[in-house]
Structures are given as C-alpha cells and as structure tokens.
Amino acid sequence: MATAAPLVVRLLASSVSVASRAGKIVRDVMSKGELGIVEKGKDDYQTEADRSAQTCIISSLASQYPKINIIGEEGSPEHEGEIPSDWLITEGDEEVLKLVCPGDLQGVKEEEVVVWVDPLDGTSEYTQGALMLKRDPWERWKTYMTHPFISMKWYLSLQQSNYGFLEHVTVLIGISVNETPVAGVIHQPYYKEGSGVGKKLGRTIWGLQGAGVGGFSLAPPPSSLIITTTRSHSNPVVEQALQVMNASQVLRVGGAGYKVLQLLEGKASVYVFASPGCKKWDTCAPEAVLAAAGGSLTDVLGHRYKYGPTEPHPNKTGVLAAVNPELHKYALERIPQELKDALAKK
Ligand SMILES: Nc1ncnc2c1ncn2[C@@H]1O[C@H](COP(=O)(O)O)[C@@H](O)[C@H]1OP(=O)(O)O
Ligand SMILES: [Mg+2]
Ligand SMILES: [Mg+2]
Ligand SMILES: [Mg+2]
C-alpha cells in the first residue's frame, strides 16, 4: 500500500492546484468586467477577484487541513450564498506529490504550520489593466485618429503597457514552519504561452526548501546590475535607495510575486523596496521559492522576517531580495546606514 506523502509535500501539492483555480477566478472576474472595487486605504484596493480567489483558496485548504493556521490578506471576505462547488479543490498536483520531502520537514504537524495567502498580488496593476481592456477598441481607435498629436508609437506602447500590467498579477500561497517560509507557490494567471489556438494562459511556479523549484526555467542573473522595484508605491526614500545602487537599469513593475519571478528568470539582479507597504502574505511565498533556488529575501537591514501566527502583518523595514548571496550583500552594503536607521525607527 502506498504511504501518504508528508504533510508539507501534500500541502504544497494542494496549494499548486488551488492557486491555479484561483487564477481562473481572477481571469473570470476580469472577463465579466465588473471588478467591484473597494478602497481599503491610500493606494490600497480590493476587488471581487481578491475576495473570491481568497475564499476559494482558504476554503479548499481549510477543508483538508483543519488544524493549520491560514492568514489571508482579505480577512474573512463575505460570500453571498453557498461557495460554488468547483471552487473547492481537493486534488493535489501529481508532480509535486512525487517530491522527496527533506528530512527536517518530514515530521511537521498541522499545528506547526502557518499559511500566508495573497489571493491577488498586484491589485493596482489588475485594476489599471482593466481600464484598457474595458475600453471599446473602436472608441480607442477613434480617439487616436482625432488626436493628431498622439503618435502611433505612443498609442501602441500605451496598449502594450496596459495589457502588460496584467502579467504582474500573481496568486501567492506561502507555507511557513517555525516562523520560516519552507514552501511556496507563485501562480501567474495572465502568463501567455504560445499563440493562436494553442495559446495557454497561466503558469504555476513552486519551491520547496531542500527539494528545489519547478514550473519555470531558473536562469542566472543578468550580466549588468538591473534593479526591480515598485511602480505604484514609490516615495522619496524608495528612490534614494535606488539611486545608490549604481544600476544599469531600473524596472518598475507591480507585485512582490512578479518581482521575485524577474529575479528567478534572470531579468533582474536585485529587488529593492526601502519602504513599509508589503505585508507577510506578499513575501512568504516569494521568499520560500527564492530560498529554494538559493536566493534570499530580507528587509533592507538584512534581517529575515518571521512568519509565526502572532507576527505583525506589515513588513515595516522594506524588502531586499536577490537570487544569490553576492548580489544580496552588494545591495545591502550600498544602502546608507541613515536610511536603514530611519526605516527601523518608524
Ligand atoms: N502602500 C501599500 N499599501 C498596500 N499594499 C501595498 C503597499 N505597498 C505594497 N503593497 C503590496 O505589496 C505588493 C508589492 O508592492 P509594489 O507592487 O508596490 O512593489 C503590492 O502589489 C501590494 O500587494 P496587493 O496588490 O496584494 O495589495
Ligand atoms: Mg492588497
Ligand atoms: Mg500583495
Ligand atoms: Mg493582494
């Protein structure tokens, strides 16, 4: 008789399957066109997609693992009526179920696990991507034709950038044990593979400490220093930390999940965000995947965040992440001590 895989492996396999279902919910809400936007705070929004994807993830995981502690960004979103039965995913991903669990994680019990869920990372980019998608193409074309000062190049780049924003959206599920992220899933609902009839939307990236990563091809960092940072939550201190990096290029993209994907795929060298704003659900899954690939995610003082059940949610002292220790060390040393002190004091 086959023995069941250890809890961490089963939980990761379940998270891979449910993240993909949640990603479909994210796309479906966008296709319906009614986002149901609620403003939670300054530059902080929630949509129907955030609420429904979280309901799908938490109800699926809680039904199978009743004793794990699950903390989601959207709290306990209200759901009208019964949860649709096809939101309850109980089949784990077959490939992940075959992973060999590292020895130190084999005996982990449900009570020792905290799962951090960000049902939609990059909500600003999701809502801005929607603006472009919702506008009638004919109306868009007419606007262009009646405005001779809008060049074709500008018009095309506008379309490209707005569609592009949707690629920044991810679904994040981070699994922590003893305050440390040990496994994680980054699902990208709008990742495009192929074209025409063979076109596939969405991909799921995972990582497990001691076992490695999957769902994409790990690439070495770029040959020149490329920084990735926020495009929607900048401020003068964030900019100061970028200036000192002496980078050849700064990429401004949405979401913590997407920025860590850029590190993993060799599109950026370091992720620098010298500001509060990110929360534990933004960094748990990306940190786990990055660590499984040999990298690290810390605050801008070089300290690791803790992911226990009673930890405060905000990542007060920012984010600094790289796919190897040398790049992380370089960036950490470049950030001026006064800037580190100022963030730590807040
Ligand atoms: N000031 C902020 N208020 C709310 N959320 C923030 C803030 N700064 C960062 N975040 C969260 O961290 C993610 C990464 O930040 P950024 O895109 O600015 O680099 C954002 O997508 C957002 O997650 P979410 O979209 O899940 O609310
Ligand atoms: Mg949010
Ligand atoms: Mg987020
Ligand atoms: Mg979110």
Side-chain angles (χ1 to χ4, degrees), residues 19 22-23 25-26 29-30 35-54 57-58 71-75 77 115-130 161 164-174 181 184-190 227-239 241-242 250-263 267-268 270-290 297 299-300 305 307 312-321 343 346:
I25 292 176
V26 169
V29 170
M30 176 68 80
L35 296 195
I37 300 173
V38 172
E39 195 170 354
K40 295 194 286 183
K42 189 180 174 294
D43 295 330
D44 194 6
Y45 300 94
Q46 183 200 66
T47 71
E48 181 60 40
D50 300 66
R51 294 185 285 276
S52 297
Q54 174 155 312
I57 296 167
I58 295 192
I71 303 174
E73 174 178 0
E74 311 308 342
V115 173
W116 294 87
V117 177
D118 186 344
L120 198 167
D121 185 44
T123 301
S124 298
E125 286 68 27
Y126 183 70
T127 54
Q128 287 165 36
S161 66
F165 290 165
L166 288 175
E167 270 201 45
H168 302 185
V169 169
T170 58
V171 176
L172 304 174
I173 306 179
V185 176
I186 305 175
H187 172 78
Q188 211 182 355
Y190 290 98
I227 304 292
T228 182
T229 192
T230 183
R231 64 165 285 279
S232 56
H233 299 103
S234 194
N235 62 47
V237 180
V238 167
E239 295 304 318
L242 298 176
V250 176
L251 307 173
R252 295 175 189 272
V253 300
Y258 186 70
K259 282 189 264 297
V260 167
L261 278 181
Q262 289 189 311
L263 300 178
K267 295 186 177 134
V270 192
Y271 169 6
V272 184
F273 182 55
S275 168
C278 285
K279 315 265 176 15
K280 296 282 158 352
W281 43 75
D282 292 302
T283 49
C284 187
E287 181 176 339
V289 180
L290 197 56
L297 184 150
D299 68 1
V300 296
Y305 284 111
Y307 295 85
H313 297 163
N315 290 346
K316 239 177 61 148
T317 36
V319 178
L320 190 65
L343 266 185
K346 271 195 181 168

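Counting starts at 1 for both ligands and their atoms, in listed order. No hydrogens, no waters, no symmetry mates; every other heavy atom, side chains included, goes into these values. If you read the sequence from its start, that first residue is 1, and numbering goes on from there. These numbers were taken from a predicted model, which means no experiment stands behind them.
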For Lys259, the ligand 1 atoms with a heavy-atom partner under 4.0 Å come out as 16 (P), 17 (O), 19 (O)
What protein heavy atom sits nearest atom 17 (O) of ligand 1, and how far away is it? Gly255 N, 2.7 Å
Would you say the side-chain atoms of Tyr307 and Thr283 include a donor-acceptor pair closer than 3.5 Å? yes
Main-chain N/O of Val272 paired with Thr229 side-chain donor or acceptor, under 3.5 Å: yes
Below 3.5 angstrom, do we get any N/O pair linking Lys42 and ligand 1? no
Checking Ala19 now: which residues fulfil side chain to side chain contact (heavy atoms under 4.5 Å, CB included) with it, not counting sequence neighbours? Val171, Ile173, Val185, His187
Answer yes or no: does an N/O atom from Phe273 fall short of 3.5 Å to an N/O atom of ligand 1? no
Indicate, as side chain, backbone, both or neither, the part of His168 found under 4.0 angstrom from ligand 1 when only non-hydrogen atoms are considered. neither
Are any of the N/O atoms in Leu120 less than 3.5 Å from those in ligand 1? yes
Kindly indicate, with the supporting measurements, whether the criterion side-chain hydrogen bond (donor to acceptor under 3.5 Å, both in side chains) is fulfilled by Ser52 and Glu48. CA-CA 6 Å; Ser52 297; Glu48 181 60 40; 2.9 Å; yes
Could you tell me whether Glu125 approaches ligand 1 through its side chain, its backbone, both or neither, with non-hydrogen atoms closer than 4.0 Å? neither
Does any N/O atom on Gly122 come nearer than 3.5 Å to any N/O atom on ligand 1? yes
Do the rings of Trp281 and Trp116 sit parallel, tilted or perpendicular, given the 30° and 60° boundaries? tilted
Test salt bridge (charged side-chain N to carboxylate O under 4.0 Å, His left out) on Glu239 and Arg252 and set out the steps. CA-CA 11 Å; Glu239 295 304 318; Arg252 295 175 189 272; 2.9 Å; yes
Using a distance-only test with no angle check, is there a side-chain donor-acceptor pair under 3.5 angstrom linking Lys280 and Asn315? yes
Should Leu261 and Gln188 be marked as a side-chain contact (heavy atoms from CB on, under 4.5 Å) after you check the CA-CA gap, both sets of side-chain angles, and the distance that decides it? CA-CA 10 Å; Leu261 278 181; Gln188 211 182 355; 3.6 Å; yes
Arg231 vs Phe165, side-chain contact (heavy atoms from CB on, under 4.5 Å): CA-CA, chis, key distance, verdict: CA-CA 10 Å; Arg231 64 165 285 279; Phe165 290 165; 3.5 Å; yes
Does any part of the side chain of Ser275, heavy atoms only, come nearer than 4.5 Å to the side chain of His233, both counted from C-beta? no
Asp118 contact mode with ligand 1 (heavy-atom cut-off under 4.0 Å): side chain
Kindly indicate, with the supporting measurements, whether the criterion side-chain contact (heavy atoms from CB on, under 4.5 Å) is fulfilled by Leu166 and Met30. CA-CA 10 Å; Leu166 288 175; Met30 176 68 80; 3.5 Å; yes
Protein contact to atom 27 (O) of ligand 1 [nearest heavy atom, distance to 0.1 Å]: Glu73 OE2, 3.2 Å
Judging by distance only, is a nitrogen or oxygen of Thr123 under 3.5 angstrom from one on ligand 1? yes
Which ligand 1 atoms does Gly254 reach within 4.0 Å, using its non-hydrogen atoms? 17 (O)
Restricting to under 2.8 Å, identify the protein N, O or S atoms around the Mg ion (ligand 3) as residue plus atom. Asp118 OD2, Asp121 OD1, Asp282 OD1
Measure the distance from atom 5 (N) of ligand 1 to every protein heavy atom, then report the residue, atom name and distance (to 0.1 Å) of the closest one. Gly277 O, 3.8 Å
If every non-hydrogen atom of Ala256 is compared with every non-hydrogen atom of Asp121, which pair is closest and at what distance? N-OD2, 2.7 Å
Closest to atom 1 (N) of ligand 1 by heavy-atom distance, out of Lys40, His233, Glu74, is His233
Quick one: which ligand 1 atoms are inside 4.0 Å of a heavy atom on Asp44? 4 (C)
Determine whether Glu74 and Lys40 satisfy the following criterion, side-chain contact (heavy atoms from CB on, under 4.5 Å), listing intermediate values before the conclusion. CA-CA 10 Å; Glu74 311 308 342; Lys40 295 194 286 183; 2.9 Å; yes
Would a distance-only check, ignoring hydrogens and angles, find a side-chain to backbone donor-acceptor pair under 3.5 Å from Tyr305 to Lys279? no
Can you check whether Asp282 has an N/O within less than 3.5 Å of an N/O in ligand 1? yes
For ligand 1, indicate whether the residue Thr230 contacts it via side chain, backbone, both or neither (heavy-atom separation under 4.0 Å). both
What about Ser124: any of its N or O atoms under 3.5 Å from an N or O on ligand 1? no
Residue, atom name and distance, where the atom is the protein heavy atom closest to atom 20 (C) of ligand 1: Asp121 OD1, 3.8 Å
Give the residue, atom name and distance (to 0.1 Å) of the protein heavy atom nearest atom 14 (C) of ligand 1. Ala256 N, 3.4 Å
Heavy-atom closest contact (Lys316 atom, Lys346 atom, distance): NZ-O, 2.6 Å
Is the backbone of Val253 close enough, under 3.5 Å, to the side chain of Glu125 for a donor and an acceptor to pair up by distance? no
